[in-house]
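For reference, the structure discussed in these notes is given below.
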Amino acid sequence: MSRYDPSVIEPKWQATWEEHQTFRAVRSDDKPKYYVLEMFPYPSGRIHIGHVRNYTMGDVIARYKLATGHNVLHPMGFDAFGMPAENAAMASGGHPKDWTYSNIDTMVSQMKPLGFGLDWSRMFATCDPEYYGQQQALFLDFLEAGLVYRKNAVVNWDPVDMTVLANEQVIDGKGWRSGAEVERRELTQWFFKISDMSEELLDALDGLDDWPAKVKLMQANWIGKSRGLQFAFSTIDAPEGHDRIEVYTTRPDTLMGASFVGISPDHPLAKHLEKDNPDLAAFNAECRKGGTTEEALEKAEKRGFDTGLRVRHPFDTAWELPVYVANFILMEYGTGAIFGCPAHDQRDLDFARKYDLPVVSTFASAEDEGHTLPEDGGPAYVPPKTETVVYLRGFAGETEQTGTEAIDAAIDFCEKNGVGHGVTKFRLRDWGLSRQRYWGCPIPVVHCDACGVVPEKKENLPIALPYDEDGTAIDFSVPGNPLDRHPSWRSCPCPSCGQPATRETDTMDTFVDSSWYFARFTAPRADTPTHMADAQYWMNVDQYIGGIEHAILHLLYSRFFARAMHITGHLPEKCKEPFNALFTQGMVTHEMYYTGHAVQDGENSIVASLVYHFPEDVVVFSSGGERKAVLQSRVDETVTDVASVEELEALWKLDEWHNARHVRIQSSAKMSKSKKNVVDPVAIIQQYGADTARWFVLSDSPPERDVEWTASGAEAAARHLGRVYRIAAEVAEAEESPTGDDEALLREMHKAIHDVTLGVESFGFNASIARLYAFTNALSKSKAGSDAKRQAAKTLAQLMSPMTPHLSEEIWALLGGEGLVANAPWPVADPAMMVEDTVTLPIQVNGKRRDEITVPKDMDKAEVEKLALATDGVKRALDGAAPKKVIVVPGRIVNVVA
RNA sequence: GCGGGCGUGAUGGAAUGGUAGACAUAUCGGACUUAAAAUCCGAAGGCCUCAGCGCCGUGUGGGUUCGAGUCCCACCGCCCGCACCA
């Protein structure tokens, strides 16, 4: 009998699938379609074990759907634009294009051995001119539809690298690469009008039933809807043009507790006042400086500057309030000005205490009446808006009402009395898409002295990035955007007047590339962005799978793009929400190994350092119930003939004695190169085969949770697959034998079909695999006849085929299965076979299990009750007393109440 | 601070309100073997007066129920997201 050898069978079946084009997606009306998509990878150069997990999950779904009679679309591509390619070019010469395409080649060659059922004929990279040219066409259509516009915006500018930085790239106020102090600079940038769709993007979340609640919540928070009152304070003796200060508040019910007005250092009034006030100018400058990171803001002290200016309270013109410039007020939110109500806002209270401003309560707790004034050092009284409170200084609505009711009443009152109006605000800003980078999709517009900003003509698309067509290589050796320095690329005729003009050199944010690739996969070679019939057929994505880290930006942008593409006629109406179901998978983690080293540094000081080691360089063993580890190299060197744990132990102690070279084990964490706690999928496949890797990453943890990669787990998975092969081969080669205990095995089989199917359909892959282990054990021990065993083994191959497709094909062929297991119809569980004729019922007395009875499954309740009461366990527990009540749950349990 | 989630053996984890710990890892014992690996068989939540017809047990305390890991309330702990958001 041959042995299970993945290195032989895996390439063989991959070639067979390729030959039969098993996974080619073809449109046809005779079958329902199913579109399964995993978030496409960035071509960093190597695939990661996390990719293996992600794509295996998608592949399980894809293969299962194929077996259940669907036309399956399961494509793969690369999110190929972005900074790393440019950084690589800057660091080590070469060109981002060469770097990227070479990485893509490598990664494809690493992915193919995993045997994913992908339609590779649809593959593209977002840096293909065929792709980004269509993206430019979309941009032009969006422009025409008013979905893109240009405006001045404040950006983080790195003066050394000469580029705009995203907020995430600013660390402690310095550029993440250059370390230079980041400047605020106003630039003209392109923006997508995503904020126009705030309300719709928020409301539509409700319809996404198959999205994780967590993701929907994160998106809702990001969009950040709030209802409040916008009104103005009139100023006293203010500079011209500043006779009013517009403020926005979500708590207009606390208006009678106002004690100051605060404005942002960037507020026009603050900027005006600082001209004649050097102290204020200094204060404002100080506020503008400093980190813009959340952490820095969190720690920053709340500081204010009394402008000396005063305003009148809208309800009482005799009531004057001071105006402060305060460092915690953001110009970007609301109107850049607030009124402070210290009694009911902690931040305002801190501020009021610091500058000795009055604290006036407007409402009190309904329970302990009276005292709501924050005691010295006590917190502000901020109950949930849903709580009913007693208004002490109310002006609208009942005396006793909830915060929400009071807010509504206050807005109503103010509108009727001409003090402002109710407004709904969103936190969501327009999406700035301009980047001063080379390796991105060029924005297809031209700047003409005569005509201004002119869109390119569609027939001139793609506006391709220059490579070295005219003999001029792109120069990445100096900072800044190479497109700006290119001698000829910028020059072009104006699409409108034909006079010499210059191209826009900004490129698009890479999030644009990933905001519509799912639609492009439905017609990847079309000469328009999409092909309507194909989009109509294949869209939406039925199941989208990816990391939670994309919960906000990528998914929100994609939802915006789908709507914008519908408006511009590139997607049908039904695609406005492009992802029907979303699944966010967990990471693959690994424990970490390090040794401590003491190094003499100078004469007297000793510096300790940690050195991390790769898992393959470490031998982990167990001693006295404790897991310990030594370096592989030490084992080889000094004890080539280690025969026992004790000897290894001795080695351990020796090492410890020497210089603490023993390996410490640190608990599992996300794999990272710096911690060396990585396993390389390529090495794993070479060692165990793709099926083992696939089986393992699905087996031990629920898919949404992190899974810890362990060497023992991987070996166990490999052993199990070897066992399955062996059992199947034995069944295949067994002599014909009469029927034996067939029914027991077939019952197990149908239960396995049922449970595995349920697991696959509900992302319970770990549960499916546990069931497959149990079914394998049952088959192994079965005394059934050869026909039944053969049938069970074939079913096992089918049930395993989404997870371990190569092994399954091999077994299927071995057992004489017809065609490919990939194309075989998914087995269906027979309900009749899952119900036992007799059932064993546990008998409880007062909820504690005391005995059990085995009865025919349809025995009537009275009969069951009689038998239950007659059992020894029940008699003993009742001790002669009569039961108060007996509950019989047919087929489940009997509970006697004593 | 706000919002969400999770607490089950040594470990990863199973359990439509119905026999808690499936399945796997690690561990221990046995068979086979010169030996090891591989393979096969078996044990195993804790406690006790240690195989019984016993007690306890799903973070802690309460509640609902004939019956709670599961539902409700409070607390403790951990994880994640958001946040000078007016």
Return the nucleotide paired to [N]: Watson-Crick means purine N1 to pyrimidine N3 with N6-O4 or O6-N4, wobble means G-U with N1-O2 and O6-N3, both under 3.5 Å.
N       : answer
rU70(B) : none
rA22(B) : none
rC75(B) : rG59(B)
rC2(B)  : rG81(B)
rC50(B) : none

Heavy atoms, side chains only, cut-off 4.5 Å: are Val855(A) and Leu867(A) in contact?
yes

So, do Trp695(A) and Met800(A) sit near enough that their side-chain heavy atoms are less than 4.5 Å apart?
yes

Every protein N/O within reach of nucleotides 3-7 of chain B N/O, cut-off under 3.5 Å:
none

Per [X] side chain, nearest of listed nucleotides [options]:
X         : options                   : value
Met218(A) : rA38(B), rC41(B), rG81(B) : rG81(B)
Tyr248(A) : rA86(B), rG42(B), rU25(B) : rA86(B)
Ile338(A) : rC84(B), rA86(B), rU25(B) : rA86(B)
Tyr333(A) : rC40(B), rC66(B), rA86(B) : rA86(B)
Ile887(A) : rA26(B), rA86(B), rG18(B) : rG18(B)
Thr250(A) : rA86(B), rC40(B), rG81(B) : rA86(B)
Asn895(A) : rC40(B), rC84(B), rG67(B) : rG67(B)

Look at [X] together with [Y] and state whether they make a salt bridge at an N to O cut-off of under 4.0 Å.
X         : Y         : answer
Lys225(A) : Glu199(A) : yes
Asp253(A) : Arg251(A) : yes
Arg771(A) : Glu748(A) : yes

Report which part of the nucleic acid [X] touches: base, sugar-phosphate, or nothing (heavy-atom distance under 4.0 Å, all strands).
X         : result
Val897(A) : sugar-phosphate
Ile548(A) : nothing
Lys848(A) : sugar-phosphate
Lys875(A) : nothing

For [N] versus [M], give the span between their [atom1] atoms, rounded off to a whole number of Å.
N       : M       : atom1 : value
rU60(B) : rG12(B) : C1'   : 25 Å
rU16(B) : rC84(B) : C1'   : 47 Å
rA43(B) : rA26(B) : C1'   : 15 Å

The test is ring-ring contact (aromatic ring centres under 6.0 Å, His included); show your working for Phe351(A) and Phe328(A) and say whether it passes.
CA-CA 10 Å; Phe351(A) 193 83; Phe328(A) 59 84; 5.6 Å; yes

Please determine if a side-chain N or O atom of Arg427(A) lies less than 4.0 Å away from the OP1 or OP2 oxygen of rA83(B).
yes

Look at Arg347(A) and rA83(B) and indicate whether a side-chain polar atom (N or O) is within less than 4.0 Å of OP1 or OP2.
no

Got a donor-acceptor contact below 3.5 angstrom from the Ser780(A) side chain to the Thr776(A) backbone?
no

Under the 3.5 angstrom rule, does the side chain of Arg726(A) hit a backbone N or O of Arg3(A) as a donor-acceptor pair?
no

Quick one: does Arg876(A) reach the base of rC53(B) with a side-chain donor-acceptor pair under 3.5 Å?
yes

Can you tell me whether the base of rC50(B) sits syn or anti, using the 90° cut around 0 to define syn?
syn

Would rG17(B) be called syn or anti here, given the cut-off of 90° from 0?
anti

Is the closest side-chain donor-acceptor distance between Thr854(A) and Thr840(A) under 3.5 Å?
yes

Distance-only polar pair, side chains of Asp706(A) and Thr589(A), donor-acceptor under 3.5 Å
no

Distance, rounded to the nearest Å, where [X] contributes [atom1] and [N] contributes [atom2]:
X         : N       : atom1 : atom2 : value
Asp851(A) : rG18(B) : CG    : P     : 21 Å
Leu555(A) : rG81(B) : CG    : P     : 16 Å
Asn846(A) : rG67(B) : CG    : P     : 8 Å

Both Ser780(A) and Met331(A) contact RNA chain B. Taking the nearest nucleotide for each, which residue is further toward the 5' end?
Ser780(A)

Could you check Val896(A) against Val707(A) and say which one's nearest nucleotide on RNA chain B is further toward the 5' end?
Val707(A)

One should read off an interatomic distance between Gln844(A) CD and Asn895(A) CG, to the nearest 0.5 angstrom, of 4.5 Å

Summarise how protein sits on nucleotides 19-24 of chain B as a single string, 5' to 3': B when a protein heavy atom is under 4.0 Å from the base, S for sugar-phosphate-only contact, - for no contact.
B--BSS

Look at the rings of Tyr773(A) and His720(A) and say which category their plane angle falls in: under 30° parallel, 30 to 60° tilted, over 60° perpendicular.
tilted

